[in-house]
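Each remark here refers to the structure printed beneath this line.
Atoms within each ligand, like the ligands themselves, are counted from 1 in listed order.
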Amino acid sequence: MQSITGKTALITGAGRGIGRALAHAFAREGVHVALMGRTGANVENVANELAEYDVKTVSVQADVSNGGEVKDAVQQVKDTLGEIDILINNAGIGKFGRFLDLSEEDWRNVWDVNVMGIYHVTHAVLPDMVERQAGEIVNISSTSGLRGTVGSSAYSASKFAVLGLTESLMREMRQENIRVQAISPSKVITDFASDHNLSDGTEDSEHFMQAEDLADVVVSQLKLHPRMFVKNSELWATNPK
Ligand SMILES: NC(=O)c1ccc[n+]([C@@H]2O[C@H](COP(=O)([O-])OP(=O)(O)OC[C@H]3O[C@@H](n4cnc5c(N)ncnc54)[C@H](OP(=O)(O)O)[C@@H]3O)[C@@H](O)[C@H]2O)c1
């Protein structure tokens, strides 16, 4: 095991849900946190929540589907916190419906955020990691990236793509001492789940997976000895009822 205290993590989609839970989990571990989000007020709120921990934080506004905004935001992070040790590509959206009911715009939106978003952020962060021969990249996919279901064609296509790009980048980057891994959760009780009718907000938190559970997995994976890593972690609730 290794300590992650004192490292710096950049989390995309950090204003709510899983990204917010990751921000708290890292700060509790003494990791400095850069919060990137589409809505400035959301990431600022989370940065304020982190004031209770003894870590540095910065919040930056960027739409991950916009390469120019991402580049500027990553520079802002580096100017404030220095080098980025850990990148969590978490920002994501869903569009669900039967294939013939999803528009081309729906498909492009999902692809631009879920796939091109990872491209833009990783492209801005990775060169420094390669130069330092150290780094961690965690991409949040989904169990929808492992199997298609009725109504998930666009989302599943994007999350399958996340796993493909993660494995390919992993094979390139392990030679640079950089670990690249994916996390593939099934339903997590966040706004995403309620927005897409996966949750009615009444689930018992003792039985359904919470954002904090996923954050615990990420933190423990990053603490593993640097000589190895878990390529893809598929997360399930034990007995969701
Ligand atoms: N919840 C689940 O059941 C579940 C299951 C499997 C996988 N996942 C994946 O887990 C990740 C996080 O999901 P979540 O449940 O935490 O979702 P969420 O509660 O809907 O939060 C999504 C976060 O991503 C941000 N975001 C969305 N589009 C963005 C963009 N274009 N640029 C920058 N930030 C953007 C949102 O920013 P704003 O605050 O500005 O809206 C928000 O902070 C996603 O990749 C999702 O696909 C979720």
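Residues Phe26 and Ile11 are in side-chain contact: their nearest non-hydrogen atoms beyond the backbone lie under 4.5 Å apart. By the 4.5 Å heavy-atom criterion applied to side chains, Ile84 and Asp128 are not counted as neighbours.
For ligand 1, the atoms sitting less than 4.0 Å from at least one non-hydrogen atom of Asp191 are 19 (O), numbered in the order shown with element in parentheses. Each of the atoms 38 (P), 40 (O) of ligand 1 lies under 4.0 Å from some heavy atom of Thr39. In the vicinity of Gly17, heavy-atom distances shorter than 4.0 Å reach the ligand 1 atoms 16 (O), 19 (O). Taking every heavy atom of Lys187 and a limit of under 4.0 angstrom, the matching atoms of ligand 1 come to 3 (O). Near Val113, the atoms of ligand 1 lying under 4.0 angstrom from a non-hydrogen atom of the residue are 28 (N), 31 (N). Which parts of ligand 1 touch Gly15 is read off a 4.0 Å heavy-atom cut-off, strictly below it: atoms 43 (O). For ligand 1, the atoms lying closer than 4.0 Å to a non-hydrogen atom of Pro185 are 5 (C), 6 (C), 7 (C). Proximity to Ile93 (heavy-atom distance under 4.0 Å) selects the following atoms of ligand 1: 27 (C), 28 (N).
Within 6.0 Å of CZ on Arg171 lie no more than 12 heavy atoms contributed by other residues, nucleotides or ligands.
Residues Val125 and Leu165 are members of separate hydrophobic clusters, defined by side-chain heavy-atom contacts under 4.5 angstrom among Ile, Leu, Val, Met, Phe, Trp and Tyr. Leu81 and Ile4 fall into different hydrophobic clusters, where Ile, Leu, Val, Met, Phe, Trp and Tyr side chains are chained together by heavy-atom contacts under 4.5 Å.
The protein heavy atom nearest to atom 14 (P) of ligand 1 is Thr190 OG1, 3.7 Å. In this structure, the protein non-hydrogen atom closest to atom 47 (O) of ligand 1 is Tyr155 OH, 2.6 Å. Nearest protein neighbour of atom 23 (C) of ligand 1, counting heavy atoms only, is Gly13 O, 3.7 Å. Remark: minimum distance from atom 4 (C) of ligand 1 to any protein heavy atom is reached at Phe192 CD2, 4.1 Å. With hydrogens left out, the protein atom closest to atom 39 (O) of ligand 1 is Asn42 ND2, 2.7 Å, a heavy atom. The shortest contact between atom 48 (C) of ligand 1 and any protein heavy atom is with Ile18 CD1, 4.0 Å. In this structure, the protein non-hydrogen atom closest to atom 7 (C) of ligand 1 is Ser141 O, 3.2 Å. Protein heavy atom nearest atom 42 (C) of ligand 1, with residue, atom name and distance: Arg16 NH2, 3.7 Å.
Contact annotation: Leu198 has no heavy atom less than 4.0 Å from any atom of ligand 1. Using 4.0 Å as the threshold, Met209 has no heavy atom nearer than that to any atom of ligand 1. Every heavy atom of Ala21 sits 4.0 Å or more from the atoms of ligand 1.
Checked options Asn114, Thr12, Asn139; the residue passing with Asn89 is Asn139 (criterion: side-chain hydrogen bond (donor to acceptor under 3.5 Å, both in side chains)). Across Ile137, Leu224, Leu222, a single residue satisfies side-chain contact (heavy atoms from CB on, under 4.5 Å) together with Gln181, and that is Leu222.
Ligand 1 has an N or O atom lying under 3.5 Å from an N or O atom of Asp63, backbone or side chain. Where the criterion is an N or O separation shorter than 3.5 Å, residue side chain and backbone included, Asp195 fails it with respect to ligand 1. Annotation: Ser65 places no N or O atom under 3.5 Å from an N or O atom of ligand 1; distance criterion only. Close N/O approach between Val64 and ligand 1 is found [any backbone or side-chain N/O within under 3.5 Å].
Evaluated by nearest non-hydrogen atom to atom 45 (O) of ligand 1, the leading choice among Asn90, Val46, Thr12, Ile140 is Asn90. For atom 3 (O) of ligand 1, the choice among Val188, Asn139, Leu35 with the nearest heavy atom turns out to be Val188.
The two residues His225 and Arg179 have their closest heavy-atom pair at O-NH1, 3.1 Å. Of all heavy-atom pairs spanning Ala14 and Leu35, the tightest one is CB-CD2, 3.6 Å. Ser153 approaches Trp107 most closely through the heavy-atom pair OG-CZ2, 3.6 Å. Nearest heavy atom pair, residue Gly145 against residue Leu163, reads O-CD1, 3.3 Å.
With values rounded to the nearest 0.5 angstrom, Leu87 atom CG is found 11.0 Å from Asp85 atom CG. From His32, atom NE2 reaches atom OG1 of Thr80 across 13.0 Å, with rounding to the nearest 0.5 Å. To the nearest 0.5 Å, the span separating CD on Glu49 from OG1 on Thr57 amounts to 11.0 Å.
Taking 4.0 Å as the cut-off between side-chain N and carboxylate O, Glu136 and Lys7 do not count as a salt-bridged pair.
For Ala62, every heavy-atom contact with ligand 1 shorter than 4.0 Å involves the backbone, none the side chain. The proximity of Lys159 to ligand 1, defined as any non-hydrogen pair under 4.0 Å, is limited to the side chain. Residue-level proximity to ligand 1 for Ala211 is absent, since no heavy atom of it falls below 4.0 angstrom.
Classified by interplanar angle (parallel below 30°, tilted 30° to 60°, perpendicular above 60°), the ring pair Tyr155/Phe192 is tilted.
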